Protein chains: 2
Amino acid sequence: MPNKNLMLSRKQQILNTAARLFRKRGYSATSMRDIAREMQMEAASLYNHINSKQAILSELLLHIAQAFTDGMFEIKNSSVSNIEKLEQLVALHVQMTVDYTDAISLIPNEWVHLEGDAIKHFLNLRDQYEKDFNTLLEAAVKDKKLGDIDIDLASFSILSSLRWLYSWYSKNRHTDVEKLKKEMIRNLIYGLK
Amino acid sequence: MPNKNLMLSRKQQILNTAARLFRKRGYSATSMRDIAREMQMEAASLYNHINSKQAILSELLLHIAQAFTDGMFEIKNSSVSNIEKLEQLVALHVQMTVDYTDAISLIPNEWVHLEGDAIKHFLNLRDQYEKDFNTLLEAAVKDKKLGDIDIDLASFSILSSLRWLYSWYSKNRHTDVEKLKKEMIRNLIYGLK
DNA sequence: GTCTATAAGTCGATAGAC
DNA sequence: GTCTATCGACTTATAGAC
């Protein structure tokens with residue numbers, strides 16, 4: 001298979017390369033020269049495609065956060081049961097992990113390096129997502145589909161596992177995605193029954 | 001209550017301060033000048049107590065990793081059932097989280113900034129711990145105490161939740177520790193039944 | 001769109017006075 | 001054990017040639 005980067009815009013190539021390096025060493029320990037070296041160009045040339053190192057990070061993080069918000073919106077407003085909505089949310093996380101493995105790895109920690117409006121926007125999206133998740137979990141408990149759990153702690157446990165899935169998936173890329181979704185739904189939701 | 005740091009050696013004060021800042025901004029984004037400012041001294045003075053910034057990180061991470069290895073050794077060699085050993089391991093993680101909240105937050109990501117022998121040592125301890133954890137999980141399945149789960153993925157899910165517990169605990173410090181242990185055992189182990 | 005050169009600042013760490 | 005002063009390397013980002 002030819003290098004997938006050949007089909008992408010120069011800017012998208014830079015974003016993908018940066019995501020991979022930020023994942024490996026963190027935002028602060030990755031220099032513009034590091035990104036340029038991987039792109040086989042000089043650091044100064046990067047600035048013809050992106051405005052700043054900070055802009056790279058915020059594009060990566062806000063794109064992922066917005067995709068989760070959009071997914072939540074669709075699932076929340078669909079006409080299936082609450083427990084099925086929870087299943088679909090777990091499946092959404094698995095699919096995002098498969099599609100954006102490097103960028104999604106930045107969500108748990110690297111947002112602290114965002115600045116100004118970007119960090120505010122990111123935290124707004126994240127906090128609203130977590131509230132919506134808790135609300136659905138609570139609704140499923142009221143539907144008697146889940147046991148009498150501590151909502152906040154259970155929500156936290158589920159989202160923690162999903163946040164770290166990129167790490168497991170990176171070592172198990174051969175895994176069938178649909179099977180992985182079913183297994184995670186079982187582990188994280190029906191495990192709580 | 002007087003400042004707890006008053007009872008500690010100057011070196012331990014520096015380690016605690018560094019752990020707090022490394023947690024907040026990451027190892028790379030935290031400068032020796034940042035640590036010194038929090039200690040109300042000059043950066044150069046830190047070097048009378050510690051050899052380097054790198055030495056701070058390796059002391060913090062290897063102390064935690066060794067404590068987990070020691071805990072695993074005791075639990076593994078005790079004479080209770082496999083499922084009870086798993087319960088005790090979850091309780092160990094909860095206790096470590098309560099006792100070393102800042103330093104434990106560095107375990108998931110900041111080890112990548114270790115160098116030389118320190119990173120080798122850390123990864124050896126971590127990998128052996130995870131192998132032991134998987135072995136116990138498998139034994140509990142054979143004992144018919146757990147369902148027919150994907151060992152590797154279930155192990156991963158449990159450890160992911162435990163790795164992120166420091167974040168939950170920081171916002172819920174009032175929580176009774178013994179109650180938290182029981183709730184996590186229920187969520188992470190008996191949820192899988 | 002890529003390059004060289006460089007500005008302006010921060011980094012970890014050391015030397016040596018007190 | 002703490003300070004001031006400083007070294008040499010590295011940082012993000014820009015100016016301007018091609």
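Chain letters run A, B, ... following the sequence lines, proteins first, then strands; residues in each count from 1. The figures here come from the full heavy-atom set of this structure, side chains too, leaving out hydrogens, waters and symmetry mates. Computed from a prediction, not measured in an experiment: that's the story for all the values here.
- Closest to the side chain of Ala44(B), out of dA13(D), dC3(D), dG1(C), is dC3(D).
- Salt bridge status for Arg20(A) with Glu38(A): present, with a side-chain N to carboxylate O gap under 4.0 Å.
- The NE2 atom of His113(A) sits 15 Å away from the P atom of dT11(D) (whole-angstrom rounding).
- Taking the six-membered ring where the residue is Trp, the centroids of Tyr169(B) and His93(B) are separated by 6.0 Å or more.
- Between the P atom of dT14(D) and the CD atom of Glu42(A) lies a distance of 17 Å, rounded to the nearest Å.
- The pair Lys181(B)-Glu178(B) meets the salt-bridge criterion, with a side-chain N (NZ, NE, NH1 or NH2) lying under 4.0 Å from an Asp/Glu carboxylate O.
- As judged by a 4.0 angstrom heavy-atom cut-off over every strand, Ser31(B) is placed among residues touching the sugar-phosphate backbone only.
- Looking only at side-chain heavy atoms (C-beta outward), Ile104(A) and Phe68(A) come within less than 4.5 Å of each other.
- dC3(D) atom C1' lies 16 Å from atom CD of Gln40(B), rounded to whole Å.
- Rounded to whole Å, the distance from CD on Gln54(B) to C1' on dC11(C) is 15 Å.
- The residue Thr30(A) sits close only to the backbone: its heavy atoms come under 4.0 Å of sugar-phosphate atoms, none of a base.
- Of all nucleotides listed (dG12(C), dC3(D), dC3(C)), dC3(C) comes nearest to the side chain of Ser45(A).
- To the nearest angstrom, C1' of dT10(C) lies 14 Å from CZ of Arg25(B).
- Rounded to whole Å, the distance from CE on Met39(B) to P on dC3(D) is 11 Å.
- Between the CD1 atom of Ile50(A) and the C1' atom of dA13(D) there is a distance of 10 Å, given to the nearest Å.
- Taking atom NZ of Lys53(A) as the reference point, atom C1' of dT11(D) lies 8 Å away to the nearest angstrom.
- For Arg10(A) against dG1(C), no side-chain N or O and base N or O form a donor-acceptor pair under 3.5 Å.
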